[in-house]
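In what follows, a structure is listed as structure tokens, so that the remarks can point back to it.
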Amino acid sequence: AVSSEAAMRLSTVYACIKVLSETVSTLPCHLYKLSTDRMTRTHAFNDILHTLVMRAPNYWQTAQEFWQMQVVNLCLRGNSYSYIVRGESGRVVALHPIPVDSVSVHVEAQNRITYNVTIGEKGRQRTEVFAPQEILHFKTMSLDGITGISPISYQGHLLGGAIKQRDHRNSVFANGSTPRGVRQVD
């Protein structure tokens, strides 16, 4: 198995994810409001959600940083998660990204989905359970419709071969490209 970190050390993987994440994160993301007859739409410029997706989803990230992180997580792990912060009125006021490795998705009775999120530092961790309406979950291709497929995990055998090729190539160049051994001719 190849880790996401090891895969990112391959220049091809790094370049592809960089281009995808930087490009997608700079695309405009507009929100529209549908009319009651669902036939026309108008820009929702004055809605707080528009500000969240276009300017700043939280107090420490710009929209570009937030969306780039989401795309990187999708490319490496097949999923990205954010906690939906709501104000007293119930309106969405922020989106807080959640590390992918701290989330596990569970299907309970009658196909009820819950998100178990591990919070805190090692030794003082706790798990909180969230409902789907509390988590913004993006996923790549899926076999079950619940979680995305990690491209790195699914292509691990190919990436492992590429890592071995890179390491062999580096060791050849480290030795001054001098072949080792003696060839004897009769």
Side-chain angles (χ1 to χ4, degrees), residues 1-32 43 49-85 92 94-105 113 115-119 121-122 125 130 132 135-180:
V2 175
S3 70
S4 297
E5 290 76 21
M8 282 291 281
R9 288 190 199 100
L10 285 171
S11 59
T12 306
V13 172
Y14 179 87
C16 289
I17 291 175
K18 184 177 186 329
V19 168
L20 275 170
S21 65
E22 288 179 353
T23 302
V24 171
S25 69
T26 57
L27 293 173
C29 184
H30 297 288
L31 291 182
Y32 295 93
H43 274 102
L49 290 176
H50 189 269
T51 303
L52 291 177
V53 298
M54 277 293 288
R55 302 277 182 259
N58 52 58
Y59 68 88
W60 71 89
Q61 286 181 308
T62 64
Q64 188 270 335
E65 292 168 332
F66 177 82
W67 293 116
Q68 185 173 19
M69 180 181 171
Q70 300 302 308
V71 174
V72 168
N73 282 327
L74 286 170
C75 290
L76 292 175
R77 295 183 173 91
N79 295 281
S80 69
Y81 305 97
S82 294
Y83 175 67
I84 301 170
V85 180
V92 177
L95 298 171
H96 292 181
I98 303 170
V100 175
D101 295 336
S102 66
V103 179
S104 61
V105 183
I113 296 171
Y115 293 89
N116 292 358
V117 180
T118 304
I119 299 170
E121 299 174 11
K122 287 199 184 263
Q125 294 176 325
F130 295 98
I135 302 291
L136 178 62
H137 178 191
F138 294 109
K139 55 187 155 286
T140 58
M141 294 186 302
S142 178
L143 297 175
D144 59 8
I146 296 166
T147 57
I149 297 170
S150 166
I152 301 302
S153 295
Y154 262 64
Q155 299 302 320
H157 61 288
L158 293 174
L159 293 171
I163 290 169
K164 287 179 185 175
Q165 287 176 340
R166 180 204 58 203
D167 292 346
H168 175 71
R169 183 176 57 246
N170 289 345
S171 70
V172 168
F173 286 119
N175 292 328
S177 298
T178 306
R180 301 290 178 221

Per side chain to side chain contact (heavy atoms under 4.5 Å, CB included), Val105 is matched among Thr147, Asn116, Ile135, Asn79 by Thr147
Tell me whether the count of non-hydrogen atoms from other residues, nucleotides or ligands lying under 6.0 Å of OH in Tyr32 goes above 12.
yes
With sequence neighbours left out, the residues meeting side chain to side chain contact (heavy atoms under 4.5 Å, CB included) with Pro132 are Ile113, Tyr115
Can you check whether Val53's main-chain N or O pairs, donor with acceptor, with Trp67's side chain at less than 3.5 Å?
yes
- Message: Does any part of the side chain of Leu136, heavy atoms only, come nearer than 4.5 Å to the side chain of Tyr81, both counted from C-beta?
- Response: no
Closest non-hydrogen contact found for Gly145 with Ser142 is N-OG, 2.7 Å
Heavy-atom nearest pair, Lys18 first then Ser21, reads O-OG, 3.3 Å
Distance col, row Leu76:CG vs Ser150:OG, nearest 0.5 angstrom, shows 7.5 Å
Output for pair (Gln61 CD, Ser82 OG), nearest 0.5 Å, gives 8.0 Å
To the nearest 0.5 Å, atom CD of Gln70 lies from atom CG of Leu95 at 8.5 Å
Taking the side chain as C-beta and beyond, is there a heavy-atom pair between Arg55 and Thr62 under 4.5 Å? no
Quick one: does Ser102's side chain have a donor or acceptor within less than 3.5 Å of a partner on Pro99's backbone? yes
Between Asn58 and His96 (side chain of the first, backbone of the second, donor and acceptor by atom type, cut-off under 3.5 Å), is there such a pair?
no
Q | Test item: side-chain donor near acceptor, Gln64 and Gln68, under 3.5 Å | A | yes
Interatomic distance, NE2@His50 vs NE2@His30, rounded to 0.5 Å, equals 6.0 Å
Side-chain heavy-atom pair Phe66, Pro97 within 4.5 angstrom cut-off
yes
d(His137 NE2, Ile98 CD1) to nearest 0.5 Å is 10.5 Å
- Check step by step if side chain to side chain contact (heavy atoms under 4.5 Å, CB included) holds for Ser25 and Val71. CA-CA 8 Å; Ser25 69; Val71 174; 5.9 Å; no
Hits for salt bridge (charged side-chain N to carboxylate O under 4.0 Å, His left out) against Asp101, two or more places apart or cross-chain, chain-then-number order -> Arg77
Please check: side-chain N/O of Thr140 versus main-chain N/O of Ile149, any donor-acceptor pairing under 3.5 Å?
yes
Residue pairs meeting salt bridge (charged side-chain N to carboxylate O under 4.0 Å, His left out), one or both in residues 57-67, sequence neighbours left out, come to none
Correct closest heavy-atom pair for Ser80 and Asn73 would be CB-CB, 3.8 Å
- Donor-acceptor under 3.5 Å (Ser104 side chain, Val117 main chain): no
